[in-house]
Student: 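Pasting a structure here, questions to come.
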Amino acid sequence: MITCRAPGKLFIAGEYAVVEPGRHAVLTAVDRYATATVDEVGDEVITLRSDLDGGVTLSCGRGGGRLVPSTADGVVPPNFTYVFAAAAIVERLLAEREIAARSYRLSISTDLADGDGRKLGLGSSAAVTVATVAALGRFHRLGLSPMDRYRLAMLATVSINPRASGGDVAASTWGGWIAYSSPDRQRVAELARQSGVDAALRAPWPGLSVRPLPTPTGLAMQVGWTAKPASTPRMVAGLGGADADFVSRSDHCVQRLTAALEADDSLGIRTEINCARELLVTLDTKARLGIMTPSLRALCEAGEAVGAAAKPSGAGGGDCGIALIERTRRAAITELTGRWIAAGIRPLSLRTHPFEGDRR
Ligand SMILES: Nc1ncnc2c1ncn2[C@@H]1O[C@H](COP(=O)(O)OP(=O)(O)OP(=O)(O)O)[C@@H](O)[C@H]1O
Ligand SMILES: C[C@@](O)(CCOP(=O)(O)O)CC(=O)O
């Protein structure tokens, strides 16, 4: 049996701007995981299992080098959208490399939802995609590098959500704190369609960059969950086209944040987190996206009241927010979490999942 796990993520800064190819975001991987296990089976059927909704199963077959769901209408159920897409991309790679495909049973579980099954906004879709690719890569002995795994997971993600930046996929693949800029997804999807998946692993991906950053030593990161799941694709669709002024300001803010992180400059980091929040608030006011829900506003105000730099993490509209505050200010941290709880925000106890792997 093969078991691989992939961590969840938090956006630190650069949300929305990173949707534009070549624009930057900072993310961190956290110690909540998707876990994929793969077993070989003797028959022809491929079985995908998930812990969603108390346990669900999807049987699949193979046809013309492709994975085919064995459902009455031929449609993949929403619970399996990402796991199936990941398995399907690996299947295409096997066919292109003329590797004899063995049948398997793949099971996915995560601790990226709360007890009632509500997503926490920690990137469960990316984590299940990355874990599935990693586990199947090992099962089929494909010798995948981290960059191969990112690219396969990204091709799977883009087949479902063409606008996704893939910041979550990168954080889940490499771990740690990273600076990330997104590839031109239309081009990479076209590349895979025209030249194949294997060729897409070797070709340049314009716009893509991934750089590990040091974890700040002087700051603690507090995470608050609003208990309201938000739909990222819906939020991004609300934006329509890119706001050039916001994108350029956000990119500069993220570049300064990256420099502050590299210098382990706590004040500089907090300054840029505050800047990133203000940019999101301005974008929200202009485009009426609903990023700043009453809960996220309360989360940020509590941060300001105790001298922490706070902002929504990700698309907003619900999910999580973060607050960075000097590690030594224990009383202020206690006051912050107290204020959050009073406002109905649940503190999540999360640590950074460390950087692992190279950047090949
Ligand atoms: N345990 C799981 N098993 C299989 N698929 C899962 C599992 N958890 C999540 N997924 C997939 O991810 C989808 C949820 O993705 P969604 O983008 O809504 O959440 P998220 O990635 O956690 O949120 P965010 O992007 O805001 O961090 C599910 O519909 C399902 O397809
Ligand atoms: C708004 C966006 O930049 C971040 C979304 O983050 P999250 O899925 O809400 O954590 C979208 C994206 O990067 O694909």
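FYI, the numbering just counts along the sequence from 1. Each ligand, and each atom within it, is numbered from 1 in the order the structure gives.
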Student: Tell me: protein heavy atom nearest atom 7 (P) of ligand 2, and distance?
Tutor: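 Atom 7 (P) of ligand 2 sits closest to the protein heavy atom T232 OG1, 3.5 Å.
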
Student: Answer with side chain, backbone, both or neither: which part of V19 has a heavy atom less than 4.0 angstrom from an atom of ligand 2?
Tutor: side chain

Student: When only distance counts, is D168 in polar contact with ligand 2, meaning an N/O pair under 3.5 Å?
Tutor: no

Student: I'd like to know if R105 pairs up with E40 as an ion pair, taking the criterion as any Lys NZ or Arg NE/NH1/NH2 lying under 4.0 Å from an Asp or Glu carboxylate oxygen.
Tutor: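 Judged by the 4.0 Å cut-off on N to carboxylate O distance, R105 and E40 do not form a salt bridge.
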
Student: Within the structure, does G123 bring an N/O atom to less than 3.5 angstrom of an N/O atom in ligand 1?
Tutor: yes

Student: If I apply the N/O under 3.5 Å rule, does K9 come out as touching ligand 2?
Tutor: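 Between K9 and ligand 2 (N or O atoms, distance only) the closest approach is under 3.5 Å.
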
Student: Find the distance between OG (S159) and CZ (R92) and round it off to the nearest 0.5 Å.
Tutor: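 Taking OG in S159 and CZ in R92, the distance rounds to 9.0 Å.
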
Student: Heavy-atom contacts under 4.0 Å between D319 and ligand 1: side chain, backbone, both, or neither?
Tutor: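 Within the 4.0 Å criterion, D319 contacts ligand 1 through side-chain atoms alone.
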
Student: Who's the nearest protein heavy-atom neighbour of atom 3 (O) of ligand 2, and how far?
Tutor: Y16 N, 2.8 Å

Student: Name the orientation class of the two ring planes belonging to W174 and Y150 (parallel below 30°, tilted from 30 to 60°, perpendicular beyond 60°).
Tutor: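 Because their plane-to-plane angle lies in the 30° to 60° range, the rings of W174 and Y150 count as tilted.
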
Student: Specify the protein heavy atom at minimum distance from atom 29 (O) of ligand 1: its residue, its atom name, and the distance to 0.1 Å.
Tutor: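 Closest protein heavy atom to atom 29 (O) of ligand 1: P78 O, 3.6 Å.
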
Student: List every atom of ligand 1 that sits less than 4.0 Å from any heavy atom of K9, numbering the atoms from 1 in the order shown and giving each element.
Tutor: 27 (O)

Student: Identify the closest protein heavy atom to atom 4 (C) of ligand 2: which residue and atom is it, and at what distance?
Tutor: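 Here the closest protein heavy atom is F11 CE1, 3.6 Å.
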
Student: Does ligand 2 have any atom sitting under 4.0 Å from a heavy atom of A164?
Tutor: yes

Student: Under 3.5 Å, is there a donor on one side chain and an acceptor on the other for N274 and T271?
Tutor: no

Student: Once you round to the nearest 0.5 Å, how far does OG of S50 lie from CG of L106?
Tutor: 10.0 Å

Student: Distance alone, cut at 3.5 Å: any donor-acceptor contact between the side chains of H24 and D251?
Tutor: yes

Student: Taking all heavy atoms of K9 and all of G123, pick out the closest pair and write down the distance.
Tutor: NZ-N, 3.4 Å

Student: Can you find a side-chain donor-acceptor pair between S209 and S181 that sits under 3.5 Å?
Tutor: yes

Student: Look up atom OG1 in T81 and atom CG in L58, then write down how far apart they are to the nearest 0.5 Å.
Tutor: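 That separation rounds to 10.0 Å.
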
Student: Would you mind running through ligand 1 and noting each atom that sits below 4.0 Å from a heavy atom of T232?
Tutor: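 Checking each atom against T232, I get 25 (O), 26 (O).
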
Student: Applying a heavy-atom cut-off of 4.0 Å, say which part of D51 lies close to ligand 1: side chain, backbone, both or neither.
Tutor: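 Side chain only; the backbone of D51 stays clear of ligand 1.
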
Student: Any ion pair linking D319 and K119 (charged N to carboxylate O, less than 4.0 Å)?
Tutor: yes

Student: Would V18 count as a contact residue for ligand 2, given that I'm defining contact as a non-hydrogen atom of the residue lying under 4.0 Å from a ligand atom?
Tutor: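 The answer is yes, since V18 has a heavy atom less than 4.0 Å from ligand 2.
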
Student: With nothing but distance in play, are any N or O atoms of D168 less than 3.5 Å from an N or O of ligand 1?
Tutor: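 Not met; the criterion fails.
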
Student: Could you check atom 6 (C) of ligand 1 against the protein and tell me its nearest heavy-atom contact, residue, atom and distance included?
Tutor: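 Ranked first by proximity to atom 6 (C) of ligand 1 is L52 CD1, 3.5 Å.
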
Student: Which protein heavy atom lies closest to atom 22 (O) of ligand 1, and at what distance to 0.1 Å?
Tutor: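 Ranked first by proximity to atom 22 (O) of ligand 1 is S124 OG, 2.6 Å.
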
Student: Ligand 1 and S109, any nitrogen or oxygen pair closer than 3.5 angstrom?
Tutor: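 The answer is no, given that S109 and ligand 1 share no N or O pair closer than 3.5 Å.
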
Student: Do you see a donor-acceptor pair shorter than 3.5 Å between the side chains of D264 and T217?
Tutor: yes

Student: What's the shortest distance from atom 3 (N) of ligand 1 to any protein heavy atom, and which residue and atom give it?
Tutor: S50 OG, 2.8 Å

Student: Heavy-atom contacts with L122 under 4.0 Å: which atoms of ligand 1 show up? List them by number with element.
Tutor: 27 (O)

Student: Pull out every atom of ligand 1 sitting under 4.0 Å from any heavy atom of V83, numbered as shown with elements.
Tutor: 4 (C), 5 (N)

Student: So for ligand 2, is A315 a polar contact partner (N or O within less than 3.5 Å, distance only)?
Tutor: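 Min N/O separation from ligand 2 is below 3.5 Å for A315.
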
Student: Are the charged groups of E326 and R270 less than 4.0 angstrom apart, N to O?
Tutor: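 The answer is yes: the pair qualifies as a salt bridge.
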
Student: Would R211 pass as a cation-pi partner of Y180, given that its NZ or CZ must be under 6.0 Å from the six-membered ring centre and within 45 degrees of the axis?
Tutor: no

Student: Under 3.5 Å, is there a donor-acceptor pair linking the side chains of H140 and Y104?
Tutor: no

Student: Identify, for atom 11 (C) of ligand 1, the protein heavy atom at the shortest distance, and state residue, atom and that distance.
Tutor: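 For atom 11 (C) of ligand 1, the nearest protein heavy atom is Y82 CD1, 3.9 Å.
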
Student: So does E301 pair up with R297, basic N to acidic O under 4.0 Å?
Tutor: no

Student: Output the list of atoms in ligand 1 that are nearer than 4.0 Å to some heavy atom of N79, sorted by atom number.
Tutor: 4 (C), 5 (N), 30 (C), 31 (O)

Student: Using heavy-atom distances, let me know which of N161, V236, D319 sits nearest atom 11 (C) of ligand 2.
Tutor: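 Closest candidate by heavy-atom distance is V236.
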
Student: Considering only NZ, NE, NH1 and NH2 on the basic side and carboxylate oxygens on the acidic side, decide whether D198 and R97 come within less than 4.0 Å.
Tutor: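 Answer for the salt bridge query: yes.
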
Student: Any idea which of A113, G8, P229, S125 brings a heavy atom closest to atom 17 (O) of ligand 1?
Tutor: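 Closest candidate by heavy-atom distance is S125.
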
Student: Determine whether the side chain, the backbone, both or neither of M235 has a heavy atom under 4.0 Å from any heavy atom of ligand 2.
Tutor: neither

Student: Does T110 have a non-hydrogen atom less than 4.0 Å from ligand 1?
Tutor: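 So T110 counts as touching ligand 1.
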
Student: So which protein heavy atom does atom 23 (O) of ligand 1 come closest to, and at what separation?
Tutor: K119 NZ, 3.0 Å

Student: For G314, counting its heavy atoms only, list the atoms of ligand 2 lying under 4.0 Å from any of them.
Tutor: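 This gives 6 (O), 7 (P), 9 (O), 10 (O) as the contact atoms.
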
Student: Should S165 be counted as touching ligand 2, given the test is an N or O pair under 3.5 Å?
Tutor: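 Between S165 and ligand 2, an N or O pair is found under 3.5 Å apart.
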
